[in-house]
Amino acid sequence: MYGKKILVTVIEEELKGVLSFEEIAARIEIPKLDTHGDLSFPCFSLAKVYQSPPQKIAHELAEKLAHPLFTQIESAGGYVNIKLKRVQASKEILEKVIGAGLDYGSQQKDGHINIDFSSPNIAKPFAMGHLRSTVIGNSIGLLAEKLGYQVTRINHIGDWGTQFGKLLYAYSKWGDEQAVKQNPIKELFRLYVQFHDEAAKYPQLEEEGRAWFKILETGDPKALKLWQWFRDESLKDFMTIYNRIQVGFDSYHGEAFYNDKMARVVNLLQEKDLLEESEGAMVVRLEEYELPPCLIQKSDGTSLYATRDLAAAIYRKETYDFDTSLYVVGREQTIHFEQIKAVLAKMGYDWAEEIVHVPFGMILKDGKKMSTRKGKVILLQEVLDEIELLVTEQMEAKNPALQDKKAIIQQIGAGAVIFHDLKNHRLHDVEFSLKQMTSFEGETGPYLQYSHVRACSILDKVKENPALLVQGLEDGDSWRVIKQLDAFPSVVEKAYHEKAPSIMADYLLKLAKAFNRLYGKVKVIDHKEYLPVVIGVQTVLKEGLRLLGVKAPAKM
Ligand code: ARG
């Protein structure tokens, strides 16, 4: 934040030790209204120390503060508001942004972050629900890298568990090889739904499913071969989606990968005397954490989701030596991750606290949760197809001669879907609305992509090097944009710190709005002094969108 350090220093001098530099820095705000100033210091927490009302403290402090960088220092309702000398500030900010280019806001922090995200379940379609984990996790990874952290992206594919027993049973009973070959995911999902329909009528089917899982887990070659086939087909399908939205992973070790690593967990738990029998099953009691017991082994000896997660956590610590291990998984699994952390802590692993669940809300349809079991899902593939169709129509109407049309349409389609999700705070539930997603007006990905294109096309027409035209600017419209540019590095930091890409999304909307307002008022191309602002906007929009996992084409 431009001028913040200086402001904190002069306040610190005046307060003579009442608050430290860090304490003052943490209190500095940017006023909500531009007219109030550029920086502000609230005096409310000083009232007790000085035994005086905050309004009075602010008034007296404002009288005393002075620095050549500040043009106006005023008190208002308990705040000291400061206006910066725009000519100097704007020049320095623009020089900094343009000098750094796409590296603006980058840092060199140390540390290794694991991110477990996306993690869809095989033999089921990739539904909108898994999109949330995918885009939030992807963005958190990009933000972490921007700050300098080493990141390992892990896709903990759901490829093991009782549901595959059910699927094997369903396939053996109602399955058809040809049908699966022709349309694997659809057919496997049909079998899954059919199983649950039948099991609702004949509960004994659940038993059959469990028995088949036991057969699978004992390593029966025929069952394993079918499972492998289902897994391969599903992965092919998932890869198409990841390519469309341009997300990649360093590891696709799914739950099955931990099959030969679970015995060690059970042994360790036994050695430490943590396992207890409960109705034939093996559990770790977690009363002291006020958590339900963690189920480690079922009465028939088969393993569980939690067992595999324990094995995975230990494997990852040993393989990657992470400093933080993030799990971007729906809020429904909060207790599960608390249990995992608690069991690891009981096992004596002091790194248990490095495990962090990053929960998110649900995607709702008409205010209700979508049930996969009943076959009610919205498929990401279909949503992407539909959006691309709409984009294509618009493109044919507006810019039919565009080069690389296909790639750009894909980038806009993916941008629309990704941004629609990321502009919501991750903890909020999101109502699925194709209409909103595809409306390119207002707060959408394509709106931001379009603002970037606008900046690119202005700069395209310029012959001289705009970087050499940097000068101080005083008018309110460009100052508003420049202040946003100034905020970018702290937005990167905050978005990562809170694991909230929505902070970046909000910021980019503000920046684009400020830019479009400036663009509407002055003919930038005729006023060359504004061109550096345009480069700043182009740079930060492109980089900010990249951090959300959204591409910014130069033309559209
Ligand atoms: N496959 C799981 C699901 O769809 C998510 C897995 C998340 N990661 C983990 N390590 N448990 O619910």
Measure the shortest side-chain to side-chain distance between S325 and I115 over non-hydrogen atoms and say whether it is less than 4.5 angstrom. no
Does the side chain of R331 reach to within under 4.5 Å of the side chain of R426, using non-hydrogen atoms? no
Please walk me through it: do W351 and D323 pass side-chain contact (heavy atoms from CB on, under 4.5 Å)? CA-CA 8 Å; W351 48 265; D323 297 291; over 6 Å; no
So Y327 and F337, would you call those rings parallel, tilted or perpendicular, with 30° and 60° as cut-offs? tilted
Measure up the Y149 and Y496 rings against each other and bin them: parallel (under 30°), tilted (30 to 60°), perpendicular (over 60°). tilted
Suppose we screen for salt bridge (Lys or Arg N to Asp or Glu O under 4.0 Å). Which residues come up paired with E464, at least two apart in sequence or across chains? none
Quick one, H420 with T444, criterion side-chain contact (heavy atoms from CB on, under 4.5 Å). Give me CA distance, side-chain angles, the key distance, then yes/no. CA-CA 6 Å; H420 175 75; T444 64; over 6 Å; no
I'd like to know if K510 and D506 make a salt bridge, using a cut-off of under 4.0 Å between side-chain N and carboxylate O. no
Would you call K83 and E474 a salt bridge, taking side-chain N to carboxylate O under 4.0 Å as the test? no
Any donor-acceptor N or O pair under 3.5 Å, side chains [X], [Y]:
X	Y	result
D475	S478	yes
W479	D38	yes
H156	R316	yes
R308	S303	yes
D477	Y530	no
N516	S451	yes
Q246	K551	yes

Would M347 and I314 satisfy side-chain contact (heavy atoms from CB on, under 4.5 Å), going step by step from the backbone distance to the final call? CA-CA 11 Å; M347 291 172 87; I314 296 170; 4.2 Å; yes
Provide the closest heavy-atom pair for [X] versus [Y] in the form atom of the first, atom of the second, distance.
X	Y	result
R132	H428	NH1-O, 3.0 Å
L511	V540	CD2-CG1, 3.6 Å
I418	I245	CD1-O, 4.1 Å
E354	F322	OE1-O, 3.4 Å

A quick test of your reading: do over 12 heavy atoms of other residues, nucleotides or ligands sit less than 6.0 Å from CG of D460? yes
Is it true that atom NZ of K109 has more than 12 heavy atoms of other residues, nucleotides or ligands lying nearer than 6.0 Å? yes
Passing candidate, side chain to side chain contact (heavy atoms under 4.5 Å, CB included) with S90, options L473, D486, V533: L473
Please say which of I28, V80, V18 ends up in a side chain to side chain contact (heavy atoms under 4.5 Å, CB included) with I11. I28
Cation-pi between K261 and F257: NZ/CZ under 6.0 Å from ring centre and within 45° of the ring axis? yes
Checking ring pair (Phe, Tyr, Trp, His ring centres under 6.0 Å) between F117 and each of F249, F360, Y242, which is the one that passes? F249
How far apart are the C-alpha atoms of L531 and I458, what are their side-chain angles, what is the distance that settles it, and do they pass the side-chain contact (heavy atoms from CB on, under 4.5 Å) test? CA-CA 8 Å; L531 290 173; I458 297 172; 3.8 Å; yes
Output every pair passing side chain to side chain donor-acceptor pair (under 3.5 Å) with a member in residues 332-344, not counting sequence neighbours, ordered by first then second residue. Y305-Q333, D309-H336
Tell me, which pairs form a side chain to side chain donor-acceptor pair (under 3.5 Å) where one or both residues lie in residues 136-147, sequence neighbours left out? S106-K146, E145-R153, K146-E543
